[in-house]
2 protein chains.
Amino acid sequence: MNQKNKITNKLRSSKLRPTKQRRKIADFLFNREKTFHFTVEELNKIINKKDNLQKISLATIYNTIDAFKKAGHLKEILTNNNKSYYDTNISSHHHFFDIETNELEDINYNDIKVVNLPHAPKGKKIQDVEVTLTVKKS
Amino acid sequence: MNQKNKITNKLRSSKLRPTKQRRKIADFLFNREKTFHFTVEELNKIINKKDNLQKISLATIYNTIDAFKKAGHLKEILTNNNKSYYDTNISSHHHFFDIETNELEDINYNDIKVVNLPHAPKGKKIQDVEVTLTVKKS
DNA sequence: CTATTACTTTAGAATCATTATAAACTATTA
DNA sequence: TAATAGTTTATAATGATTCTAAAGTAATAG
Ligand SMILES: [Mn+2]
Ligand SMILES: [Mn+2]
Ligand SMILES: [Zn+2]
Ligand SMILES: [Zn+2]
């Protein structure tokens, strides 16, 4: 199956109609090797580069990212910055976070071991373990 | 030395004039046993409760929190949520983060051990190691 | 003290990210 | 092919935060 069909299937199996806009954004986000970390603003700039024929409205980009997140195809990342950051790597993993540039870089889940996990507060359960290594220019 | 003077000294030694507003906010934030995690909106509600005589403007609360952060008396916390969260615990430590209620709870730095720390990307150095245990209702 | 200066507070406006609205459009279904 | 349900879009609305500039207060110099 080619990539176009893969994307269409991914959308359909998430009960999202494979519209032109969603296919374009999904193709950009999901047909890649390396993790992509982004804000909606950044994604909008890339998707709507001036040379691009078919523009996608900002509202649609927000809607689509939200739909992909709800479908489990994107993960929202904890950062400060009052902007939402998204991650195409939806598996549990860790990050370097550059506090000066706000850039994120993945660390494989098994490259860090977290031992002595405390119990969750009563009535709650642990859902994910994330390590953030804050970095800056050395 | 009493608490009033302690606060005044803390402000002065950070080169912040001990104004009525700063003393009130500092007294509320720093004279406590347990860590306090908050957003500016929450702090504003508490500081400006209706029964309170002297109101403090929202702009001043923003200014003051920013000044305290720059002076190192508060730490900004990584969350999603598009609001800034602050922490009166400025030492390195970890958190439970309830993704349903956005509530934070401290975990002592030594209650979790992180082993096998990877090297920082070249040209960068690790500044802090933070573990977030995402929790939800069980 | 008092005057001058520098810093701070404040209301309100401005900005930025995000969400809501509602009309036009398009994919799916009957 | 027609009906329908879902989607896109421009635009307005909202919410958090920052900016502005005028009035107020703390520190300092005389
Ligand atoms: Mn945040
Ligand atoms: Mn955020
Ligand atoms: Zn990642
Ligand atoms: Zn904390």
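So that the names make sense, note that chain A is the first sequence line, chain B the second, and so on, each numbered from 1.
For the residue pair A:Asn5 / A:Asn2, a side-chain donor-acceptor distance below 3.5 Å is found, with atom types taken as modelled. A donor-acceptor contact closer than 3.5 angstrom links the side chains of A:His37 and A:Asp106. Side chain to side chain, A:Ser84 and B:Asn82 meet the donor-acceptor criterion of an N or O pair below 3.5 Å.
Using a 4.5 Å heavy-atom threshold, the side chains of A:Ile7 and A:Pro18 count as separate.
Looking at heavy-atom distances under 4.0 Å, A:Thr19 makes contact with sugar-phosphate atoms alone, never a base. Residue B:Thr39 is out of contact with every strand shown, counting any heavy-atom pair closer than 4.0 Å.
The side-chain contact (heavy atoms from CB on, under 4.5 Å) search around A:Gln54 returns A:Lys20, A:Gln21, A:Ile56, not counting sequence neighbours.
Screening A:Thr60, A:Ile65, A:Leu58 for a side-chain contact (heavy atoms from CB on, under 4.5 Å) with A:Tyr62, the sole residue that qualifies is A:Leu58.
Relative ring orientation between B:His95 and B:His93 is described as perpendicular, the plane-to-plane angle rising above 60° on a 0-90° scale split at 30° and 60°.
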Side chains of residues 120-138 of chain A: which donor-acceptor partners sit under 3.5 Å, not counting sequence neighbours?
unit_1	atom_1	unit_2	atom_2	d
A:Lys124	NZ	B:Asp98	OD2	3.0
A:Gln127	OE1	B:Lys136	NZ	3.4
A:Asp128	OD1	A:Ser92	OG	2.3
A:Lys136	NZ	B:Gln127	OE1	3.4
A:Ser138	OG	B:Gly123	O	3.2

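Of the two residues near DNA chain D, A:Arg17 and B:Tyr85, the one whose nearest nucleotide lies more 5' is A:Arg17. Heavy-atom nearest nucleotides on DNA chain D were determined for B:Asp66 and for B:Lys20, and the one closer to the 5' end corresponds to B:Asp66.
The stretch residues 68-75 of chain B has no heavy atom under 4.0 Å from DNA chain C, so no residue of it qualifies as close.
Put simply, chain A comes within 4.0 Å of DNA chain C, heavy atom to any atom, from C:dA17 to C:dT28, going 5' to 3'. For DNA chain D, the span of nucleotides reached by chain A at under 4.0 Å from its heavy atoms goes, 5' to 3', from D:dA5 to D:dT17.
Ring centroids of A:Phe30 and A:Phe68 are separated by less than 6.0 Å, placing the two rings close together.
Residues in residues 99-138 of chain B take part in these ring pair (Phe, Tyr, Trp, His ring centres under 6.0 Å) pairs, two or more places apart or across chains: B:His94-B:Tyr109.
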